[in-house]
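Notes for the one structure printed next.
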Amino acid sequence: MSNIQRVSALLACMAIAVGAMSQQVVCHRGHWRAEGSAQNSLRSLVKADSIGAWGSEFDVWMSADGVLFVNHDATINGVEIARERSEKISLQRLSNGEPIPTLESMLDLATGLKIHLVVELKPHRLPDGTQDIERERKAVEAILAMVHDKGLESRVSYISFSAFATKLLARTAPAGTPVYYLDGKRQSDGTIGIDHDMTPSHLWLAGVTGVDYQLKALVNRPELLDECRDLGMPVNVWTVDKPEGIQWCIDHGVDYITTNEPELTMRMIRDKQLK
Ligand code: MG
């Protein structure tokens with residue numbers, strides 16, 4: 001190899017190293033579009049790991065008898081996880097034939113993989129529709145204990161739409177644990193907006209380490225990125241599947257892109273690094 005080739009190779013490596021710090025890809029509900037996979041399945045975690053994605057996201061609910069299950073919706077096959085006992089929930093199957101995973105089965109599987117886990121605790125509600133603070137408190141405690149017992153603390157981030165759970169995670173997780181507040185829900189007037197009392201500054205004061213914004217909310221208010229940068233808070237963006245959205249995230253230097261199209265996103269990040 002000539003000196004010029006050596007310098008070129010070194011520069012290419014440096015470009016990739018610098019770029020690698022700018023965007024990481026999180027598979028939304030695992031790599032569930034892969035063959036034989038399903039959203040939030042064990043296979044979706046293996047598939048996410050196999051393509052070299054930085055992270056894999058999944059959703060957690062606590063059953064009536066305190067068992068943590070992984071599922072996006074509040075119900076599976078008509079069974080409401082938060083209202084039923086674990087024996088009945090465990091009988092339910094995903095679309096790929098797997099039984100619904102428990103958090104414990106997901107973490108056990110992860111111990112043999114390299115991928116980072118982005119654990120979303122779903123907001124729990126009482127039958128009258130009000131927030132079930134007590135269940136969320138128990139879930140936070142149980143999740144942190146289980147992640148600790150499995151030796152996975154350095155590979156787990158937490159996200160939640162529940163302000164209570166997010167702040168509790170920020171207060172009780174080991175120092176340095178990434179905890180992100182999910183924001184950018186549809187408001188009562190139909191627009192996608194940000195919670196007024198959960199701005200980056202509010203979150204920073206509560207010890208929350210980052211923010212996880214819906215793409216449209218951030219496109220409408222890109223100045224939030226500057227506020228996060230000033231506070232040293234990383235920004236994750238959900239759920240970015242279209243090439244124009246992925247490109248927007250790359251061009252604006254967000255830290256994490258959560259996507260149902262992880263391979264396309266990784267390819268676009270690599271292409272940008274090589275330009
Ligand atoms: Mg989720």
Side-chain angles (χ1 to χ4, degrees), residues 24-34 37-45 47-49 53-63 68-76 80-82 94-96 98 100-103 105-107 109-110 115-125 131-132 135-136 139-140 143 146-147 155-166 168-170 173 177-186 192 194-195 198 208-218 234-241 245 249 254-262 265:
Q24 303 284 14
V25 174
V26 178
C27 300
H28 182 236
R29 306 178 197 167
H31 190 9
W32 59 272
R33 285 179 172 162
S37 190
Q39 293 188 4
N40 282 318
S41 62
L42 295 177
R43 183 147 177 99
S44 75
L45 182 64
K47 285 289 179 185
D49 185 73
W54 174 83
S56 194
E57 182 261 5
F58 55 82
D59 308 285
V60 175
W61 293 92
M62 181 175 258
S63 69
L68 296 160
F69 284 94
V70 174
N71 196 59
H72 178 262
D73 294 346
T75 61
I76 176 165
E80 191 172 359
I81 297 169
L94 307 181
S95 62
N96 68 345
E98 279 182 36
I100 180 174
T102 58
L103 176 64
S105 66
M106 212 70 162
L107 297 183
L109 177 63
I115 198 161
H116 195 92
L117 308 176
V118 178
V119 177
E120 177 178 349
L121 176 58
K122 302 303 277 189
H124 286 58
R125 305 234 161 250
Q131 189 173 9
D132 192 346
R135 187 78 65 94
E136 289 186 12
V140 165
I143 292 168
M146 194 180 286
V147 168
R155 282 175 50 205
V156 175
S157 303
Y158 298 98
I159 59 175
S160 186
F161 281 112
S162 161
F164 169 76
T166 304
L168 186 61
L169 281 160
T177 301
V179 178
Y180 290 65
Y181 181 60
L182 276 163
D183 206 351
K185 294 182 287 286
R186 193 165 292 283
I192 301 290
I194 302 296
D195 293 347
M198 296 293 273
V208 178
T209 63
V211 194
D212 198 342
Y213 284 125
Q214 216 254 50
L215 175 64
K216 203 175 274 182
L218 201 52
V235 174
N236 192 343
V237 185
W238 58 279
T239 303
V240 192
D241 294 343
C249 290
V254 307
D255 302 281
Y256 301 90
I257 302 174
T258 298
T259 178
N260 293 306
E261 298 289 352
T265 308

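In listed order, ligands and their atoms are each counted from 1. Computed from a predicted model, the values in this text were never measured in an experiment. Note: hydrogens, waters and symmetry copies are ignored here, and every other heavy atom, side chains too, is used.
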- Using the test salt bridge (charged side-chain N to carboxylate O under 4.0 Å, His left out), find all partners of Lys185 that sit at least two apart in sequence or belong to another chain. Asp195
- Which residues share a salt bridge (charged side-chain N to carboxylate O under 4.0 Å, His left out) with Lys122, sequence neighbours left out: Asp59, Glu120
- Item | Leu103/Phe58 under side-chain contact (heavy atoms from CB on, under 4.5 Å): CA gap, chis, key distance, verdict | CA-CA 9 Å; Leu103 176 64; Phe58 55 82; 3.5 Å; yes
- Task: Could you please give the number of protein N/O/S atoms within less than 2.8 Å of the Mg ion (ligand 1)?
- Result: 3
- Could you state the interatomic distance from CG (Leu169) to CD1 (Ile143), rounded to the nearest 0.5 Å? 7.0 Å
- Note on the structure: Only residue of Tyr180, Tyr181, Trp238 satisfying ring pair (Phe, Tyr, Trp, His ring centres under 6.0 Å) with Phe161 is Trp238
- Message: Holding to salt bridge (charged side-chain N to carboxylate O under 4.0 Å, His left out), I want the full list of residues that pass it with Glu98, two or more places apart in sequence or in another chain.
- Response: none
